[in-house]
Structure formats: structure tokens, C-alpha cells
Amino acid sequence: MTSGDKVLRKFLLEAGLVSKKDLEDIPVGKSLEEALVSSGLVGEDDFRRARAYVLGIPFVDLKDEKIDEAVLRLIPEPIARRHNVVAWRKSDRGLEVAMLDPEDLTAIDFLKKSLGLKILPRLTDSVSIKNALLNYQKSLKQEFGNILSQESSALGEKLGKAQGDLDPVKLAEDLPVVRIVDTLLSHAFLQKASDIHIEPYEKEVIVRYRIDGILRDAMSLPQVASGGISARLKALAGLRLDERRLPQDGRFRFEVSGEKISIRLSVMPTFYGEKAVLRLLPDSGRGLSLEDGGFRGESLERMRRAIRETTGLILVTGPTGSGKSTTLYALLEMLNTPDVNIATIEDPIEYQMPRISQTQVKPEIGLTFAQGLRTLVRQDPDIIMVGEIRDEETASLAVNAALTGHLVLSTLHTNSASGAIPRLLDMGIAPFLLASTLRLVVGQRLVRVLAGPTESYSPSEKDLKEIKKQVDERRLLDLAREEGWELSSLDKAVFKHPQPSENYPDGYSGRISINEALVMSSNLRQLYSKKAGVEEIEEMARAEGMVSMIEDGLLKVLSGETSLEEVWRAVFE
């Protein structure tokens with residue numbers, strides 16, 4: 001143990017952050033930080049502050065700090081992100097840099113040599129670093145806006161009214177067109193858009209981004225740019241440039257700020273040109289987790305228990321865009337070990353995962369979900385993931401695969417977890433087969449996460465009336481107490497409204513799921529063998545401990561993660 005560790009231990013003890021027993025229980029060979037932070041005894045930022053105090057390193061709070069752009073850009077964005085270090089202030093004494101780890105000598109030495117300046121480390125917290133890094137995006141957004149305006153004007157002057165007569169191959173390689181498309185993709189990625197809509201109309205091309213599930217206008221381009229953008233995107237995706245009458249689908253990869261993304265392209269002919277819709281996906285599914293997706297408590301434990309089974313059927317349900325595929329990939333991430341063979345049949349493959357055999361559906365040549373599943377069971381799989389159960393044949397094959405010794409994961413389009421059982425019965429699956437195979441059904445929606453400043457308020461009479469109409473107040477309060485919140489009644493709860501800010505125009509950033517996890521039981525099997533309705537199944541599931549989707553959403557409202565309006569929007573729209 002170093003002398004610095006001894007001083008830090010003493011400080012943590014005297015500050016009341018840990019007990020003597022906590023320090024004595026640290027395993028041999030485990031660092032002080034790793035032991036205390038991973039066990040939840042001390043927060044990561046609290047530990048950093050304590051260490052900085054002991055080392056005599058100043059702490060800086062950058063949450064509301066405006067950093068001079070010239071100073072900020074002394075450290076390139078990729079380096080800033082990789083090392084969690086931001087150039088904060090420059091003076092005659094040297095360059096003050098805010099860091100999460102002021103003892104990162106490698107990063108400090110690198111900056112000293114590359115910049116030729118004396119580096120003065122300052123400790124900051126993760127929220128400050130995150131907000132400071134947003135400054136890079138702000139300047140880039142402005143820069144990209146200028147590029148788009150300039151290149152669109154240049155393209156308009158070059159093409160004029162002769163655009164339709166130009167060779168599409170030459171058009172796709174035209175420098176202004178290339179710059180416009182590259183800039184659009186980079187701009188959308190920095191805005192954290194999941195989709196880009198490029199829509200040609202009579203006098204303009206409207207570009208819209210879907211951010212956190214909400215579609216919004218991003219920019220307007222001259223109509224003359226429509227053909228060039230379409231040609232360039234088709235060239236990138238390897239589609240036919242001369243085909244403008246039929247829809248086409250393709251895929252390509254793109255790199256932004258050192259990060260690779262996969263882009264799915266759909267082109268559809270419209271009256272004024274070809275509309276293009278692009279889905280932006282991380283190039284890898286690694287790092288996906290159920291916790292990050294909003295699963296916790298009893299629902300999370302139910303999912304963990306279900307994937308420990310070696311056979312059976314696990315379903316994730318919800319409408320389009322509710323995060324079903326992401327949840328499946330998170331489950332695969334947990335299951336992906338060297339001793340199992342995992343194979344998937346998908347449409348489309350959204351994330352590429354190592355050590356997993358992934359197959360893309362191609363109905364035009366006869367490779368459907370059903371045909372692919374028939375072949376997969378002959379590939380000696382332990383775990384099979386079917387992207388979606390759409391028809392009776394696929395449902396029957398999935399159930400039979402689960403019955404013959406495989407763990408099968410799939411998705412189903414129903415409004416709730418309890419709705420999956422009647423849906424499968426309607427598809428012709430025999431109740432006794434479901435009783436033998438169905439292990440777990442997860443229902444979910446996505447809600448936006450509050451970010452930046454918020455306004456706290458007490459729920460109104462109207463809010464309380466609507467909440468009590470949807471859930472039992474006593475049950476919700478009991479669930480809240482299990483989460484650690486002591487509430488005697490809902491009218492004493494504190495909710496939050498989003499407050500728009502410069503960094504978060506809508507007051508939100510990112511999304512998490514509100515969810516429910518229904519586990520099969522003997523009581524439920526008796527119900528659906530009698531062909532019970534959704535309401536009866538859900539009532540029994542809740543009586544057996546299932547936290548409903550609305551209840552989970554309201555718990556996330558109570559915790560300040562999202563707003564009441566978001567939960568109502570996700571559940572009822």
C-alpha cells in the first residue's frame with residue numbers, strides 16, 4: 001500500500017464516506033477505487049474529489065462554464081474523448097486541463113509534447129466532461145451548416161436546369177454532392193439521430209432527423225440537390241444508379257470522428273424525386289446492457305433467470321421502434337460465451353456481434369424467417385435468435401425449436417407482455433406446446449430521459465386522477481418503497497418538467513425503456529389453456545409479482561429520470 005493510499009483511506013474514514021469495516025473487507029490485490037466504487041460504497045466522482053483533495057489538485061466545475069473555442073480546440077476531439085480531458089483555460093502559467101484522472105501521466109506527457117505548453121492538471125467530474133465535450137459538437141454543427149449552404153449553392157450553379165440530363169455516375173462523384181452527403185451524415189450522427197429522412201418536394205428538399213424517437217426538421221436544401229444526393233447515396237450502398245422507378249434497399253458504412261457506423265438505406269420514388277430514409281446504427285453491438293436500457297429490479301432479475309435456462313422461448317414485445325431488437329442484442333451479449341453456439345436469422349441485421357453467426361433474411365430468393373429457422377436447427381445451435389415472429393409457420397418452428405432443446409429468443413408485435421399469449425394461440429400454437437416452452441415475455445416502450453435543468457412540481461389533481469385510474473396507489477407506493485423512496489401518498493410526490501437549454505433544446509437526451517416481464521406459471525398456464533383474455537392474464541401476472549409497464553414508467557417519473565408526459569405519450573399514443 002502506497003503512502004498516498006494510506007492518506008486517502010484516512011481521509012475517507014474521517015469524512016464518513018466509508019466505515020473501518022468497509023476498508024478491512026477490501027480483497028487483497030484489488031485497488032481502493034475499484035473496491036469502493038464497484039461495490040457502490042463511494043460514488044465515482046466522490047472518490048475522485050477525495051483523491052484530488054489528498055493530492056492537492058484543484059477541482060473545477062465546468063457544468064455552466066463557457067470555454068473559449070480557441071482554447072478548447074487545442075486538444076483535438078478524439079483525444080479529448082479518449083482520455084476524458086478538456087483544455088479549459090490558457091494563461092502565462094500554462095494550459096489548465098480538466099481531467100477525470102489527473103494522475104494520467106501518459107496523457108499529460110503527450111499533451112505537453114504535442115502542444116509545447118506546460119500542462120496544469122485540474123480534476124473535474126463526469127458531468128462536467130460530458131458538457132464540455134458538447135462544445136465540440138456545437139462548433140461542428142455550425143461548421144457543417146456553413147458547408148451545406150456553400151456546397152448546395154455551388155451544386156445549384158453547376159447543375160441548373162440540366163440536372164436530369166447528367167450521367168448519374170458522374171453526378172454521384174461530383175465534389176459538391178460528395179461533400180453535401182458526407183456533411184449530412186456527420187451532422188446527423190453528432191445530433192444523435194437514429195434516422196435521416198431526405199424528402200424532395202417541388203421547390204426544396206426537406207431533411208428531417210429522428211432524435212430520441214421524435215422526428216423534427218433539420219434543414220432545407222435547394223430542390224436541385226435532390227438527384228445528386230440520391231445518386232450519391234445509391235452509389236455508397238451499391239444500388240443501381242439508373243433505376244429511379246422502383247424502390248431499392250442497401251447498406252453501407254461511414255466513419256465520423258473515428259467512430260464507425262452502419263447505415264441502412266431505403267430509396268422510394270415519389271412525384272418530385274426519390275425519397276431516401278437512412279437508419280444509423282453503431283457498427284458493433286458490444287457494450288449493450290439491460291441496465292442501460294432501463295431494466296431493473298424484479299423485471300431485470302426475471303430476465304436474468306430466464307436466460308439461465310437452456311431451453312424454452314423468450315419473447316420481447318412492443319410496437320415498431322420500442323427497442324425490442326436492442327433488448328434482444330443485450331440478452332445475446334450476456335449469453336455470448338465460448339461454450340455456446342449462437343445463430344440468428346434477422347431482417348435486418350442491426351448490430352454485428354462477434355462469435356455469433358448472423359443471417360439476413362432475403363425473401364426475394366426464398367430465404368424467409370421460416371426457411372432460415374429450418375436450416376439453423378440443423379447447424380447444432382444452443383441459442384437461436386429469430387428477429388421477428390410474423391406468421392404461423394415461423395411461430396410453429398420457433399416453438400418446436402424451443403421444445404427440442406434450444407433456447408429461442410424472438411420479438412412479437414403486441415401492445416403488452418400479456419397480449420403475446422393470445423396472439424400465439426391465434427397463430428395456431430397449441431396451448432400445451434406453449435405450456436412446455438414459453439418461459440418469459442417482456443413488454444416495453446421507450447421514453448426520453450430528462451437532461452439539463454428541470455422544474456420540480458407537485459402533481460395536480462388531474463395528474464393524480466389519471467395516475468389512480470391507471471394503477472393502484474397503494475401498490476405503486478409499495479413499489480416505490482422497495483426502490484428506497486418513502487412516500488405516504490402520491491400527492492406528496494415530486495415530479496419534474498423538462499426545461500429547454502442550449503445543450504438540450506427539448507430538455508431530453510437519450511431514451512430508456514419502461515417495461516414489464518411476465519414469467520410463465522402454473523396459474524397462467526391454466527388461464528391461457530382456457531383461452532382467457534389479455535386483461536385476465538395481466539391481472540394474474542401482476543398478482544404474481546409482475547411490475548406493469550405503466551408502474552415501471554411511474555417509478556421512473558418518481559426517480560426523476562423522465563417526465564409524466566413522456567410516460568403517457570409512450571403508453572397511450
Side-chain angles (χ1 to χ4, degrees), residues 152 155-156 158-174 176-182 184-185 188 193-210 215 217-254 261-281 320-321 325 345-350 352 358-372 387-388 390-391 393-394 413:
S152 298
L155 183 63
K158 185 170 184 177
L159 300 181
K161 296 180 180 180
Q163 177 181 329
D165 300 324
L166 290 181
D167 180 355
V169 176
K170 291 181 179 178
L171 190 59
E173 296 173 352
D174 194 72
V177 172
V178 171
R179 285 177 177 165
I180 287 173
V181 171
D182 287 355
L184 266 178
L185 296 176
S194 61
D195 301 84
I196 307 172
H197 291 237
I198 303 172
E199 306 165 340
Y201 294 102
E202 183 179 7
K203 297 180 179 179
E204 60 185 349
V205 176
I206 300 294
V207 179
R208 297 195 286 171
Y209 297 158
R210 189 176 295 280
L215 198 60
D217 286 355
M219 62 192 72
S220 172
L221 301 173
Q223 215 289 333
V224 72
S226 172
I229 292 173
S230 175
R232 178 61 183 167
L233 290 171
K234 288 193 286 187
L236 289 171
L239 304 180
R240 287 185 55 186
L241 273 67
D242 59 346
E243 179 55 79
R244 299 175 184 171
R245 300 167 302 166
L246 296 173
Q248 296 189 73
D249 295 303
R251 189 167 187 154
F252 62 96
R253 290 180 179 173
F254 192 74
I261 53 173
S262 288
I263 298 177
R264 225 167 61 216
L265 171 67
S266 173
V267 181
M268 182 78 174
T270 67
F271 188 78
Y272 291 109
E274 291 177 295
K275 175 181 177 178
V277 177
L278 301 95
R279 167 66 58 87
L280 280 60
L281 299 162
T320 301
S325 296
I345 179 80
E346 306 174 56
D347 184 25
I349 297 172
E350 295 196 6
Q352 295 177 359
Q358 296 175 266
T359 301
Q360 169 69 52
V361 165
K362 294 181 181 176
E364 65 274 13
I365 59 171
L367 180 53
T368 61
F369 277 116
Q371 182 58 47
E388 183 183 346
R390 297 177 178 172
D391 51 54
E393 186 180 13
T394 306
H413 281 277

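In this chain, numbering begins with 1 at the start of the sequence shown.
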Could you please spell out the steps behind the side-chain contact (heavy atoms from CB on, under 4.5 Å) verdict for Lys203 and Tyr272? CA-CA 9 Å; Lys203 297 180 179 179; Tyr272 291 109; over 6 Å; no
Side chains of Glu388 and Asp347: closer than 4.5 Å at any heavy-atom pair? no
Under the 3.5 angstrom rule, does the side chain of Arg251 hit a backbone N or O of Pro348 as a donor-acceptor pair? no
Are His413 and Arg390 close enough, and set up right, to give a side-chain contact (heavy atoms from CB on, under 4.5 Å), and what steps lead you there? CA-CA 8 Å; His413 281 277; Arg390 297 177 178 172; over 6 Å; no
What residue among Arg245, Lys234, Gln248 forms side chain to side chain donor-acceptor pair (under 3.5 Å) with Glu274? Lys234
Identify which one of Leu184, Ile198, Asp195 satisfies the side-chain contact (heavy atoms from CB on, under 4.5 Å) criterion when paired with Leu278. Ile198
Between Pro247 and Asp249, is any pair of side-chain heavy atoms under 4.5 Å apart? no
Check whether any side-chain N or O of Ser194 sits under 3.5 Å from a backbone N or O of Arg210 as a donor-acceptor pair, and report yes or no. yes
Inter-residue atom distance Glu204.CD - Ile206.CD1, 0.5 Å rounding: 3.5 Å
Are Ile229 and Leu221 packed together at the side-chain level, in the sense that at least one heavy-atom pair is separated by less than 4.5 angstrom? yes
With side-chain contact (heavy atoms from CB on, under 4.5 Å) as the criterion, how do Leu265 and Leu236 come out once you've worked through the C-alpha distance, each side chain's angles and the decisive distance to 0.1 Å? CA-CA 10 Å; Leu265 171 67; Leu236 289 171; over 6 Å; no
Ignoring hydrogens, what is the shortest heavy-atom contact between Ala188 and Ile196? Give both atom names and the distance. CB-CD1, 3.4 Å
Tell me, please, which residues at least two apart from Arg208 pass side chain to side chain donor-acceptor pair (under 3.5 Å). Glu199
Applying salt bridge (charged side-chain N to carboxylate O under 4.0 Å, His left out), can you list everything that pairs with Glu393, at least two apart in sequence or on another chain? Arg374
Assess the side chains of Gln358 and Gln352: does a donor N or O sit below 3.5 Å from an acceptor N or O? no
Rounded at 0.5 Å granularity, tell me how far CZ in Arg279 sits from OG in Ser266. 11.0 Å
Interatomic distance, NZ@Lys362 vs OG1@Thr368, rounded to 0.5 Å, equals 13.5 Å
List the atom of Pro363, the atom of Val361, and the distance in Å for their closest heavy-atom pair. CD-CG1, 3.5 Å
Could you tell me which non-hydrogen atom of Ala276 sits nearest to which non-hydrogen atom of Leu233, and how far apart they are? CB-CD1, 3.8 Å
All heavy atoms of Thr270 vs all of Pro200, minimum pair found to be OG1-CG, 3.9 Å
So CG of Leu185 and CD1 of Ile180: to nearest 0.5 Å the spacing works out to 12.0 Å
Side-chain touch His197/Lys275, heavy atoms, less than 4.5 angstrom: yes
All heavy atoms of Phe369 vs all of Ile345, minimum pair found to be CE2-O, 3.3 Å
Quick one: closest heavy-atom pair of Phe254 and Asp182, and the distance? CE1-OD1, 3.5 Å
